[in-house]
There are 2 protein chains.
Amino acid sequence: MTPQRELVFRAFFELGDHVTVDELYDKVKEKDKSVGYSTVWRNLKLICKVGLAEEVNIGDGVTRYDRVTQVPHGHFFCVECKSLTEFSVDQIVGVLAQSANDHKFVPEAFKIEIRGLCQQCQNKKTSLNTKEEVRD
Amino acid sequence: MTPQRELVFRAFFELGDHVTVDELYDKVKEKDKSVGYSTVWRNLKLICKVGLAEEVNIGDGVTRYDRVTQVPHGHFFCVECKSLTEFSVDQIVGVLAQSANDHKFVPEAFKIEIRGLCQQCQNKKTSLNTKEEVRD
DNA sequence: AAGCTAAATGAAAACGATTTTCAATTTCAA
DNA sequence: TTGAAATTGAAAATCGTTTTCATTTAGCTT
Ligand SMILES: [Mn+2]
Ligand SMILES: [Mn+2]
Ligand SMILES: [Zn+2]
Ligand SMILES: [Zn+2]
């Protein structure tokens, strides 16, 4: 256990969910400017390897890292503001496990993502439309 | 409409699901060696833009392209042999839509993935274990 | 058919996130 | 304290993706 490793681990759990390597790197640098990017990257991978985090890929070319939670959760991804929020998938996982079983597939993990518009972005669009209507 | 574009479109629909750019490029080259990689890439993006395909990201660093189907489907991803197979998600989508609604989230698309072991890879592991038991 | 313009192409380079290399440093067990 | 093994930081390599740009082509207008 090196001081750098401890910094990275601490920073990861302080930052919370859906962290990118760059975000973690910046956070670590707040405490110690001298820590290298590769060290942050390697230790983040290590956090994954020991099962404390897992990669989340929303398809924007940047891997995010999510704390592994006791209860599984799904992700709402807003295509407008790119926000990523979580929701419970208790019942859904049951149905999925059944599906897997039906197909003789042994599940290890479930990835559930809903893309769409978050509430804020819906409001923005609505107010825009209203303005346009007034203009007409 | 150029001959290259037609080749790319045809090749994509011949190849079927979960195609990578490289796979499509190879397929197109079977018909015409002179077609450039960028042309294949651009036309594949075009196929997406017009709504005939969508990107699938299983987190292995390679984007795959899936035909858009009338009925939504989920993916089984075998972590052993990396195979990607499809399954029906009729009921699940209903539950997810309800979840989205509960959170005032307007859904556009659902991504459902189950990672684990396909039947073949289960068998391989079982037979390996059996051999080990015999050895002991 | 010829001319024109916008669109498409192919080769190459640029890009950017991720991963590896390697010499130097540090940890930790003996 | 000593030495082997692990870790670090800087730099470079990797690799899928995307852009650039000079050239060609498609598809309209005479
Ligand atoms: Mn999450
Ligand atoms: Mn599919
Ligand atoms: Zn939003
Ligand atoms: Zn398999």
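These values consider heavy atoms only, across backbone and side chains, with no hydrogens, waters or symmetry-generated copies. So that the names make sense, note that chain A is the first sequence line, chain B the second, and so on, each numbered from 1.
If B/Gln4 and B/Gly61 are placed on DNA chain D by their nearest nucleotide, the residue sitting closer to the 5' end is B/Gly61. In terms of position on DNA chain C, the residue among B/Tyr25 and B/Met1 whose nearest nucleotide sits closer to the 5' end is B/Met1.
The environment of CD in A/Gln120 is sparse: at most 12 heavy-atom neighbours from other residues, nucleotides or ligands sit within 6.0 Å.
Closest to the side chain of B/Val62, out of C/dT27, C/dT20, D/dG16, is D/dG16. You'll find that the side chain of A/Arg42 is closest to C/dT21, out of D/dA26, C/dT21, D/dT19. With C/dT9, D/dT18, C/dA11 as the choices, the nucleotide that has an atom nearest any side-chain atom of B/Ser38 turns out to be C/dA11. In this structure, of C/dA11, C/dT18, C/dT21, it is C/dT18 that holds the atom nearest to the side chain of A/Val21.
Applying the 4.0 Å criterion to OP1 and OP2 of C/dT18, one finds that A/Thr63 has a side-chain N or O inside that range. OP1 or OP2 of C/dT9 sits under 4.0 Å from a side-chain N or O of B/Thr2. Dashed line: the shortest gap from a side-chain N or O of A/Asn43 to OP1 or OP2 of D/dT7 is not under 4.0 Å.
Taking atom OH on A/Tyr65 and atom P on C/dA17, their separation rounds to 13 Å, with Å as the unit. Rounding to whole angstrom units, OH of residue A/Tyr37 and P of D/dA12 are separated by 17 Å. For the pair A/Leu24 CG and C/dA17 C1', the interatomic distance rounds to 15 Å; values are reported in whole Å. The CH2-P distance, from A/Trp41 to D/dT14, rounds to 15 Å in whole Å. Here the P atom of nucleotide D/dT18 and the CG atom of B/Asp22 are 13 Å apart, to the nearest Å. For the pair B/Glu6 CD and C/dA7 C1', the computed distance is 17 Å after rounding to whole Å. Rounded to whole Å, the distance from CD on B/Glu23 to P on D/dT17 is 11 Å. One atom, CG of A/Leu44, and another, C1' of D/dT7, lie 16 Å apart when rounded to the nearest Å.
Residues A/Ser34 and A/Asp32 bring a donor and an acceptor atom of their side chains to less than 3.5 Å of each other. For the 3.5 Å distance criterion, the side chains of B/His18 and B/Glu23 fail to qualify, holding no donor opposite an acceptor.
Within 4.0 Å of B/Arg5, counting heavy atoms only, lie sugar-phosphate atoms of the nucleic acid but no base atom.
You'll find the side chain of A/Phe105 stays beyond 4.5 Å of the side chain of B/Gln119, heavy atoms only.
A/Arg64 contributes no side-chain N or O that forms a donor-acceptor pair with the base of C/dT18 under 3.5 Å.
You'll find the ring centres of B/Phe87 and B/His73 outside the 6.0 Å limit.
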